Amino acid sequence: VTSEGFDGHFTFRQKLGAVGLTIRSNITYSKNEIVDRDEENNYYWYKMQKGHRVNQARGLISLGLFKDYDDIRNSPVQDFDGYKVMPGDIKYKDINGDNVIDAYDKVAIGYTDVPEINYGFGISLGWKGFDASLFMQGVGNVTRIIGGDALYGAPGNIERLGQIYADVAEKRWTTSNPNATYPRLSMSKVENNLQPSTYWQRNMSFLRLKNVEIGYTLPKHIYKRLGMSSIRVYAQGVNLLTFSKFKLWDPELDSNYGNIYPQMRTITLGLNLNF
């Protein structure tokens, strides 16, 4: 495996009259490629790991949803675990041209679930006892294939076991909603729609307002009388905003929302007393 990239940080400090200004930023970019691997040769070159990233995501290429039974009859055969597709199920691309959709049609898709780009930037200001700071943190070039029962439907009977996201229930395929965001729902597992594919792959890049803090340090003549070296009051916010194309859950979490507790948004009011 070859790995390459760069890492850097930048700091700027300036005094503008009574205002103290500090600007900081950092960025790390890293990518890798498997240049040699002891693996069996494959007739389909795209099935080899050589030439791809470590932990490269693989899956089928989605062509949308089947419109009707004519669309199904005029498409390659999709028969996962004996399941016959129906209108509203995910339609896949025949990569090797054998008119059958199977494991030989799974290719490298997207990035990995480890971001290639990590970055952050912030600013700090100080003026006559007042101070304020802001820090933004983000990642780029990262994708995940999302999943979970609340997205696909329970593997058993959905009426008895199912807990479905409102977004899925409201935007699922129906005959009156053929251009839906999600495939049709069924009372039982739909194996065809559970396949890893570009249909379920999402861009998990995000930019987060990680930390904001505003404070005020009281004048010396006030805290000196109290026998203290400083008194500071402040308000702090953590994880206040997240900007991302992915909206179902925190993009920093796992591919299945139910596996990890979400990030907490906190607001703190504080008092620092130094003696």
Side-chain angles (χ1 to χ4, degrees), residues 1-7 26-35 37 44-65 80 89-95 101-120 136-153 165 167-168 171-172 180-183 190-210 239 241-263:
V1 176
T2 60
S3 299
E4 58 185 9
F6 62 83
D7 175 82
N26 66 279
I27 185 170
T28 300
Y29 172 74
S30 176
K31 68 175 183 178
N32 62 66
E33 179 183 338
I34 300 173
V35 294
R37 181 180 172 86
Y44 301 110
W45 61 268
Y46 53 83
K47 303 295 289 183
M48 306 288 288
Q49 294 192 45
K50 180 180 178 180
H52 296 289
R53 302 175 181 88
V54 176
N55 297 326
Q56 171 67 57
R58 292 178 179 273
L60 300 167
I61 295 179
S62 167
L63 299 176
L65 303 176
F80 292 96
D89 288 337
I90 302 174
K91 179 180 179 180
Y92 300 115
K93 183 176 181 179
D94 183 11
I95 298 297
I101 304 299
D102 54 23
Y104 293 110
D105 297 299
K106 292 183 178 180
V107 298
I109 54 176
Y111 294 98
T112 71
D113 57 5
V114 178
E116 285 188 347
I117 301 173
N118 289 272
Y119 64 95
M136 306 286 290
Q137 173 241 340
V139 301
N141 289 7
V142 53
T143 55
R144 292 193 184 97
I145 299 175
I146 59 175
D149 293 350
L151 189 70
Y152 299 148
Y165 293 127
D167 196 59
V168 176
K171 300 177 183 178
R172 71 188 190 280
T181 303
Y182 301 98
V190 181
E191 192 67 36
N192 180 84
N193 298 342
L194 304 183
Q195 302 301 310
S197 72
T198 55
Y199 195 92
W200 298 115
Q201 190 168 61
R202 298 292 187 270
N203 179 359
M204 293 294 187
S205 301
F206 67 84
L207 176 63
R208 191 190 308 278
L209 179 54
K210 191 67 178 178
N239 296 326
L241 295 170
T242 301
F243 305 95
S244 174
K245 293 181 178 179
F246 183 72
K247 305 298 183 182
L248 279 180
W249 57 79
D250 189 329
E252 197 171 8
L253 297 183
D254 200 3
S255 301
N256 183 347
Y257 175 68
N259 290 345
I260 298 179
Y261 200 75
Q263 293 272 5

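Model, not experiment: these values are computed from the prediction.
- Going from atom CG of Asp250 over to atom OG1 of Thr242 covers 5.5 Å, rounded to the nearest 0.5 Å.
- Put simply, CE on Met204 and OG1 on Thr143 are 8.5 Å apart, with the number rounded to the nearest 0.5 Å.
- Using a 4.5 Å heavy-atom threshold, the side chains of Met136 and Phe243 count as touching.
- Remark: Tyr104 OH is loosely packed, at most 12 non-hydrogen atoms of other residues, nucleotides or ligands lying under 6.0 Å away.
- With Thr2 as reference, Val35 is the one residue of Ile34, Val35, Asn32 to meet the side chain to side chain contact (heavy atoms under 4.5 Å, CB included) rule.
- At least one donor-acceptor pair closer than 3.5 Å links the side chain of Asn192 to the backbone N or O of Ile90.
- Residues Leu151 and Leu248 have side chains in contact (heavy-atom distance under 4.5 Å, counting atoms from C-beta outward).
- For the atom pair CD of Gln263 and CG of Asn239, the computed distance is 5.0 Å after rounding to the nearest 0.5 Å.
- For the pair Tyr119 and Leu207, the minimum side-chain heavy-atom distance is below 4.5 Å.
- Taking CG of Leu63 as the start and OH of Tyr92 as the end, the distance is 10.5 Å to the nearest 0.5 Å.
- Across all non-hydrogen atoms, the minimal contact from Phe206 to Ser244 is CB-CB, 3.8 Å.
- The 12-atom threshold is not exceeded at NZ of Lys31, counting heavy atoms of other residues, nucleotides or ligands nearer than 6.0 Å.
- When side chains are defined from C-beta on, Leu194 does not count as touching Phe80, because their heavy atoms never get closer than 4.5 Å.
- Checking side-chain atoms of Gln201 against main-chain N and O of Ile109 turns up a donor-acceptor pair under 3.5 Å.
- In terms of heavy atoms, Trp200 sits closest to Gln195 at CD1-O, 3.7 Å.
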task = Apply side-chain contact (heavy atoms from CB on, under 4.5 Å) to Ile27 and Phe6, showing your working.
result = CA-CA 8 Å; Ile27 185 170; Phe6 62 83; 4.1 Å; yes
task = Please lay out, stage by stage, how Tyr199 and Leu65 fare under the test side-chain contact (heavy atoms from CB on, under 4.5 Å).
result = CA-CA 9 Å; Tyr199 195 92; Leu65 303 176; 3.6 Å; yes
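- With a 4.5 Å cut-off on side-chain heavy atoms, Val107 and Tyr44 do not count as touching.
- Although no hydrogens or angles enter the test, the distance criterion places no donor-acceptor pair under 3.5 Å between the side chain of Lys106 and the main chain of Pro196.
- In this structure, the side chains of Asp105 and Lys93 stay at 4.5 Å or more apart for every pair of heavy atoms.
- The distance from atom CD of Glu4 to atom CD of Glu33, rounded to the nearest 0.5 Å, is 8.5 Å.
- In this structure, Lys210 has no salt bridge (Lys or Arg N to Asp or Glu O under 4.0 Å) partners at least two apart in sequence or on a different chain.
- With rounding to the nearest 0.5 Å, the separation of OG in Ser205 from CD in Glu116 is 10.0 Å.
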message = Evaluate Arg144 against Leu253 for side-chain contact (heavy atoms from CB on, under 4.5 Å), listing each step before the verdict.
response = CA-CA 10 Å; Arg144 292 193 184 97; Leu253 297 183; over 6 Å; no
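- Considering only residues two or more places apart in sequence or on other chains, Gln56 meets the side-chain contact (heavy atoms from CB on, under 4.5 Å) condition with His52, Arg53, Ala108.
- Within the 4.5 Å cutoff, no side-chain heavy atoms of Val114 are placed close to those of Asn55.
- Counting only heavy atoms from C-beta outward, the side chains of Met48 and Arg37 never approach each other to under 4.5 Å.
- No donor-acceptor pair closer than 3.5 Å links the side chain of Arg208 to the backbone N or O of Val139.
- Under 3.5 Å, the side chains of Asn141 and Tyr29 contain no donor-acceptor pair of N or O atoms.
- Glu252 and Gln137 make their closest contact through OE2-NE2, 4.1 Å (heavy atoms, listed as atom of the first residue, atom of the second, distance).
- The two residues Pro115 and Asn118 come nearest to each other via the heavy atoms O-ND2, 3.8 Å.
- A side-chain donor-acceptor contact under 3.5 Å links Thr198 to the backbone of Ser62.
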